[in-house]
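Note sheet for the following structure.
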Amino acid sequence: MSTWRRVTRPSEGLPAAAEAVWFADDPEAAETWAYGYPPTGAGERAAHAWAATAHAAATAAGGAAVQVTGDGALARLVRLALPGPAPGTGHRPEVVVETTGTTAGIREALASVVPKGRVLLAARPLSTTTPLPTYHAVHLPGVRVLPIPWDDRAGDIPDHLMAHALRDVRPMGGGLTGT
């Protein structure tokens, strides 16, 4: 089973701990999220969970026009699973998959989606509360906000997603600041 943690200063890494190997979504971000796994088989378990969650987000998006927020491993995998509209088309997507968990990412997702569209939260929000103008961002345009649960279960994942996850999802090193 994995353990989730909000991470600030991810480039400094998480402390080495015998009970967990940590994998951050976006080590270049000022703050991000990470999952820790027991050391035995941690790399494959992490890659599997990232790929399975990306696959679940792509499946939930269906055949709609999709935009993905974020630059981390999960965002890259979701883009591989279900590409969004061509850049520069000017069309707002029917579905936005939010992968950062940040307030800014959630706001961007809500502002980008068409009225009556869907925002899929593929990353757990980094804060327990996120200040949003709910009437103008959610209620008035009829936007549905849906969580995509983190998928640690064993199951079938498309081979290309698993191959990319095995390559891109890497353990963190160094010391940590996390909550």
Side-chain angles (χ1 to χ4, degrees), residues 1-62 66-84 95-106 108-109 119-128 130 146-179:
M1 176 152 224
S2 63
T3 302
W4 179 89
R5 180 176 268 178
R6 176 179 168 254
V7 180
T8 55
R9 298 191 302 267
S11 60
E12 295 176 12
L14 290 169
E19 69 275 359
V21 177
W22 291 92
F23 297 81
D25 179 60
D26 188 357
E28 303 302 317
E31 80 174 333
T32 190
W33 49 271
Y35 275 92
Y37 296 87
T40 304
E44 188 159 327
R45 288 185 66 199
H48 187 278
W50 254 258
T53 302
H55 182 64
T59 300
V66 178
Q67 175 181 313
V68 180
T69 63
D71 296 316
L74 183 58
R76 290 189 301 272
L77 290 168
V78 172
R79 287 182 185 107
L80 283 170
L82 184 67
V95 177
V96 177
V97 180
E98 204 295 307
T99 67
T100 69
T102 64
T103 298
I106 295 168
E108 177 186 338
V119 172
L120 305 177
L121 302 178
R124 180 175 163 176
L126 296 180
S127 300
T128 56
T130 300
L146 305 166
I148 300 296
W150 191 249
D151 193 350
D152 270 336
R153 299 167 295 142
D156 291 332
I157 301 167
D159 290 339
H160 74 287
L161 284 181
M162 191 64 191
H164 281 279
L166 284 167
R167 186 191 69 216
D168 291 345
V169 178
R170 295 282 173 224
M172 296 175 68
L176 147 82
T177 303
T179 54

Using atom types as modelled and distance alone, determine if a side-chain donor or acceptor of Asp25 lies under 3.5 Å from a backbone N or O of Leu74. yes
**Prompt:** Are Trp4 and Trp22 close enough that their ring centres sit under 6.0 Å apart?
**Reply:** no
Partner of Ile106 under side chain to side chain contact (heavy atoms under 4.5 Å, CB included), picked from Val119, Thr69, Leu121, is Leu121
Check your understanding: Quick one: does Met172's side chain get under 4.5 Å of Pro27's, heavy atoms only?
Key -> no
Sequence neighbours excluded, the answer for side chain to side chain donor-acceptor pair (under 3.5 Å) partners of Thr102 is Thr100
Is a donor on one side and an acceptor on the other found under 3.5 Å between the side chain of Thr99 and the backbone of Ala123?
no
Self-check item: Polar side-chain atom of Arg79 near backbone of Val68 as donor-acceptor pair, under 3.5 Å
Solution: yes
Closest non-hydrogen atoms of Val21 and Pro39, given as atom of the first, atom of the second and distance, are CG2-CA, 3.8 Å
Taking every heavy atom of Val78 against every heavy atom of Ala57, the minimum-distance pair comes out as CG2-CB, 4.2 Å
Rounded to the nearest 0.5 Å, the NE2 atom of His48 sits from the CG atom of Asp152 at a distance of 9.5 Å
Here the gap from Glu108 atom CD to Glu98 atom CD, rounded to the nearest 0.5 Å, amounts to 8.0 Å
Minimal heavy-atom distance between Ala54 and Ala81, with the atoms involved, is O-CB, 4.2 Å
_Could you check whether any side-chain heavy atom of Phe23 comes within less than 4.5 Å of a side-chain heavy atom of Trp33, counting everything from C-beta outward?_
no
For Ala60, the side chain to side chain contact (heavy atoms under 4.5 Å, CB included) test, sequence neighbours excluded, returns Leu120, Ile148
Heavy-atom closest pair (Ala122 atom, Trp150 atom, distance to 0.1 Å) is O-CE3, 4.5 Å
Report task. Answer yes or no: is there a side-chain heavy-atom contact under 4.5 Å between Glu31 and Leu126? Result -> yes
Nearest heavy-atom contact between Ala49 and Tyr37 is CB-OH, 3.3 Å
Tell me, do Pro38 and Arg45 make a side-chain contact under 4.5 Å, heavy atoms counted? yes
List the atom pairs, donor and acceptor, that lie under 3.5 Å between side-chain atoms in residues 160-169 and the rest of the protein, sequence neighbours left out.
residue	atom	partner	partner atom	Å
His164	ND1	Arg167	NH1	3.4
His164	ND1	Arg167	NH2	3.1

